[in-house]
Amino acid sequence: MAATLSEGGCRRLLQLLLLSRRPGLPLRRAAAGLKLQHSRGTHSRSSTWDVHAFMPESAAFPQVRTYQELLEISVRDPDTFWGVLARERLRWVKPYQTVQDCDFSRGRVNWFLGGQLNVAVNCLDQHVHQSPDRVALIWERDEPGTEVKITYRELLETTCRLANTLKKYGVQKGDRVAIYMSVAPLAVAAMLACARIGAVHTVVFAGFSAISLVGRVNDAKCKAIITQNQGVRAGHIIELKRIVDEAVKSCPTVKHVFVAHRTDNKVHMGNLDIPLEKEMDKADPACDPEIMNSEDMLFMLYTSGSTGQPKGIVHTQAGYLLYASLTHKYVFDYKQGDIFCCVADIGWITGHSYVVYGPLCNGATTVLFESTPLYPNPGRYWEMVQRLKINQFYGAPTAIRLLLKYEDSWVKKYDRSTLRTLGSVGEPINHEAWEWFYKVVGENRCTLVDTWWQTETGGICISPRPSEEGAEIIPAMAMRPFFGIKPVILTEEGRLIQGEVSGALCIAQPWPGMARTIYGDHQRFIDTYFKTFPGYYFTGDGAHRSQEGYYQITGRMDDVINISGHRLGTAEIEDALAEHPDVPETAVIGFPHEIKGEAAFAFIVLKEDTAHTEPVIQEQLKSIVASKIAKYAVPDHVLVVKRLPKTRSGKIMRRLLRKVITDESGDLGDTTTLDDPTVVTEILEAFQKYKQDKSAM
Ligand code: WT7
């Protein structure tokens with residue numbers, strides 16, 4: 001510990017010296033200069049840099065001397081690269097025989113076939129054997145200063161007790177279990193307990209409505225739900241159990257509801273309900289892990305697509321775990337003893353990979369953040385950084401945009417000298433937010449990584465780090481592919497294009513962390529990801545590649561929008577709006593929003609004989625969306641129009657609606673396919689009037 005500190009001290013001193021010698025440097029260069037300091041006691045670029053110290057497993061590739069060569073081998077010879085890493089980094093019950101068997105044209109993705117292991121053993125038992133008293137979780141509860149620390153030994157015992165409780169009530173290998181909880185140690189134990197007994201968890205973000213929960217639980221045919229009596233967030237109580245009570249009425253497959261207690265308040269306990277802690281007290285503190293095949297399901301997570309209902313993205317055991325842990329270590333420069341903090345909710349993939357599986361597989365101390373960035377004040381994150389001595393902080397641009405509106409003193413009054421790496425995820429980070437995060441929070445000395453990935457990719461795919469020694473970081477850009485990732489850019493017609501270009505971002509070869517299927521609908525998996533550009537995994541995002549070969553994500557190419565880093569299909573919101581009996585037609589599009597990144601803008605057509613006034617209907621529509629999906633999905637704007645712009649074949653031209661509300665109506669592009677061109681003028685007028693009425697827009 002002392003050695004790490006003094007190393008850190010030297011590093012900071014060196015940074016100061018270097019930066020002070022180059023006062024006029026633009027940020028880009030300053031960042032590049034800064035990166036030199038992360039070398040392990042070296043003075044020049046790659047000449048003395050030791051690739052085998054950087055990645056000990058690379059000793060298996062003695063010919064590899066530089067970072068670039070390591071990256072190259074990971075892409076050129078993935079079987080060797082991933083084969084070695086899987087063997088060295090995971091604890092196997094039985095070694096795998098085949099590194100991969102993949103065929104994008106059939107949507108077939110298999111890694112480490114023949115191998116057997118247990119993910120919970122990798123995340124818990126192996127560390128308990130080595131250092132049982134190391135802190136695994138720091139539960140940063142809603143009320144600041146009330147954090148709870150849980151060691152690896154304690155987490156293993158809790159997980160085993162929970163696993164035995166699930167078993168006692170009939171949950172078996174292969175069964176699906178929904179977890180509807182806020183961020184808490186018992187939620188992590190619930191995920192790991194499923195992994196231990198071979199059950200498949202599907203965590204449903206505790207902000208989703210009862211109807212959303214029903215949709216997911218029924219699609220997954222869950223046998224049980226694990227929930228809490230109540231949640232606590234920003235000083236408010238969330239009635240989680242009550243939402244589950246409402247949901248289970250429509251969930252015929254659910255046999256039991258396990259209820260953990262986050263508060264002392266009593267909630268109604270019905271026929272299905274089992275008090276979780278009470279049962280765990282009676283349970284055996286040890287539980288033999290189930291032996292799982294590499295490609296057995298580990299979890300699924302529902303995410304939105306451009307059409308229809310959210311799809312259950314399936315991740316499996318070995319490949320996912322290897323990819324989550326490797327990216328956690330190398331993107332964030334995680335070192336043993338570090339306190340790692342990703343403030344995402346466990347209901348999203350970020351929480352799965354970088355709150356739970358990645359850090360725990362690496363034996364890290366991971367922070368579980370239960371609160372919000374503004375509670376009890378805008379200094380919350382940084383006061384926590386000081387109190388818990390956090391080394392890596394991973395958050396979302398939307399929170400950064402929110403916080404930079406407040407005085408910098410909310411940041412500066414807290415000691416952030418422990419921070420080394422800052423990360424951003426979930427949506428594009430704008431320059432202002434990046435600079436503030438880098439300069440004010442990171443004191444111009446931390447590495448800031450803009451990380452691009454998706455629920456489907458399992459872990460980070462494009463990020464400025466890792467990289468070769470001293471490599472520059474360009475603000476607000478994800479830049480570089482991770483090991484084994486081969487990004488390519490294609491034209492809309494499907495032509496692969498080289499050099500500095502913009503187009504559809506695809507990935508040309510499989511990697512262990514990628515999704516395996518959509519639960520119950522493999523054809524949809526093939527159609528969504530492998531059909532548009534045969535031979536490639538299509539991300540749904542557009543990207544620009546610079547002359548230097550760096551990638552910049554330009555945003556979704558489909559009808560998916562991103563509200564505060566949460567992904568939503570516009571079709572989902574439209575389906576919810578269509579529930580209103582007086583609203584025959586709707587079109588929802590994304591609209592730029594200063595804090596949320598994007599917000600939903602709904603155009604609606606009303607029945608002529610409606611008995612309600614427009615404001616009443618607008619409010620009714622908002623509450624329908626909140627109850628059918630979630631509060632965050634509620635459109636910020638609901639504009640009543642007489643007609644929607646349609647092609648002669650009846651397709652709504654959302655492109656035109658987007659132009660109208662982003663003030664680009666002067667350049668409408670090709671409107672020849674429009675059924676009746678006067679409709680655009682009509683909508684434009686309605687929008688102008690709406691803007692005047694809502695002068696805030
Ligand atoms: C979509 C995936 C990955 C965890 C959280 C979101 C957008 C994600 C970035 C970034 C620009 C980003 C993409 C992607 N996205 N990270 N760094 N820069 N856009 O996971 O809910 O599956 O959403 O989020 O559009 O496709 P998700």
Residues that D219 engages under side-chain hydrogen bond (donor to acceptor under 3.5 Å, both in side chains), provided they are two or more places apart: Y302
Sidechain N-carboxylate O distance under 4.0 Å for D245, R242: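 Salt bridge between D245 and R242, a charged N being under 4.0 Å from a carboxylate O: no.
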Do NZ/NE/NH1/NH2 and the carboxylate oxygens of R420 and D333 come within less than 4.0 Å? yes
Could you note down all residue pairs passing salt bridge (Lys or Arg N to Asp or Glu O under 4.0 Å) where residues 146-160 supplies at least one of them, sequence neighbours left out? D133-R153, E147-R387, E157-R161
For residues 257-272, the salt bridge (Lys or Arg N to Asp or Glu O under 4.0 Å) pairs (sequence neighbours left out) are R262-E370
Kindly indicate whether the side chain of [X], heavy atoms from C-beta on, has any atom under 4.5 Å from the side chain of [Y].
X    : Y    : answer
P144 : R380 : yes
F482 : Y323 : yes
T263 : I237 : yes
C222 : V200 : no
N118 : I291 : no
I390 : L419 : yes
V248 : L272 : yes

Within a reach of under 6.0 Å around CG of N271, are more than 12 heavy atoms found that belong to other residues, nucleotides or ligands?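 Check fails, neighbour count at 12 or below.
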Under 6.0 Å from the NZ atom of K278, do we count more than 12 heavy atoms belonging to anything else shown? no
For the SG atom of C341 and the CD1 atom of I138, what is their distance to the nearest 0.5 Å?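 One gets 9.0 Å once the value is rounded to the nearest 0.5 Å.
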At what distance, to the nearest 0.5 angstrom, does CD1 of I339 lie from CG of L388? 7.5 Å
Using every non-hydrogen atom in the two residues, find where P252 and S250 come nearest and quote the distance to one decimal.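 Shortest heavy-atom contact: CD-O, 3.4 Å.
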M297 and V314: which non-hydrogen atoms are nearest, and at how many Å?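 In this case the closest contact between M297 and V314 is CG-CG1, 3.3 Å.
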Is the ring pair Y96/F112 parallel, tilted or perpendicular, if the boundaries are 30 and 60 degrees? tilted
For the residue pair H315 and F299, categorise the inter-ring angle as parallel (less than 30°), tilted (30 to 60°) or perpendicular (more than 60°). tilted
Do any side-chain atoms of residues 204-211 form donor-acceptor pairs under 3.5 angstrom with protein atoms, and if so which ones, sequence neighbours left out?
residue : atom : partner : partner atom : Å
S209    : OG   : S212    : N            : 3.3
S209    : OG   : S212    : OG           : 3.4
S209    : OG   : S627    : O            : 2.7
S209    : OG   : K628    : O            : 3.3
S209    : OG   : I629    : O            : 3.0

Let me check something: any side-chain donor-acceptor pairs from residues 342-351 under 3.5 Å, sequence neighbours excluded? List them with distances.
residue : atom : partner : partner atom : Å
D345    : OD1  : G347    : N            : 2.8

For [X], enumerate each residue passing the salt bridge (Lys or Arg N to Asp or Glu O under 4.0 Å) test, keeping only those at least two apart in sequence or located in another chain.
X    : answer
K223 : D175
R516 : E295
D288 : none
K311 : none

So, for F340 and F332, is the gap between ring centers shorter than 6.0 Å? yes
Determine whether the aromatic ring centres of residues F393 and W382 are separated by less than 6.0 angstrom.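 Yes: the rings meet the under 6.0 Å criterion.
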Report, one line per pair, each donor and acceptor closer than 3.5 Å where one atom sits in a side chain of residues 184-199; sequence neighbours left out.
residue : atom : partner : partner atom : Å
R196    : NE   : C287    : O            : 2.8
R196    : NH1  : D125    : OD1          : 3.0
R196    : NH2  : D125    : OD2          : 2.9
R196    : NH2  : C287    : O            : 3.2

Please enumerate all residues that pass side-chain contact (heavy atoms from CB on, under 4.5 Å) together with P510, with sequence neighbours excluded.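 If we apply the side-chain contact (heavy atoms from CB on, under 4.5 Å) test to P510, skipping adjacent residues, the hits are Q100, C102, F104, W111, M514.
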Can you find a side-chain donor-acceptor pair between [X] and [Y] that sits under 3.5 Å?
X    : Y    : result
T421 : Y334 : no
Q317 : D296 : no
Q116 : N293 : yes
Q228 : S182 : yes
E456 : Y529 : yes

Quick one: side-chain hydrogen bond (donor to acceptor under 3.5 Å, both in side chains) pairs with a partner in residues 353-368, sequence neighbours left out? R89-N362, H201-Y357, Y320-S353, T327-Y354, H328-N362
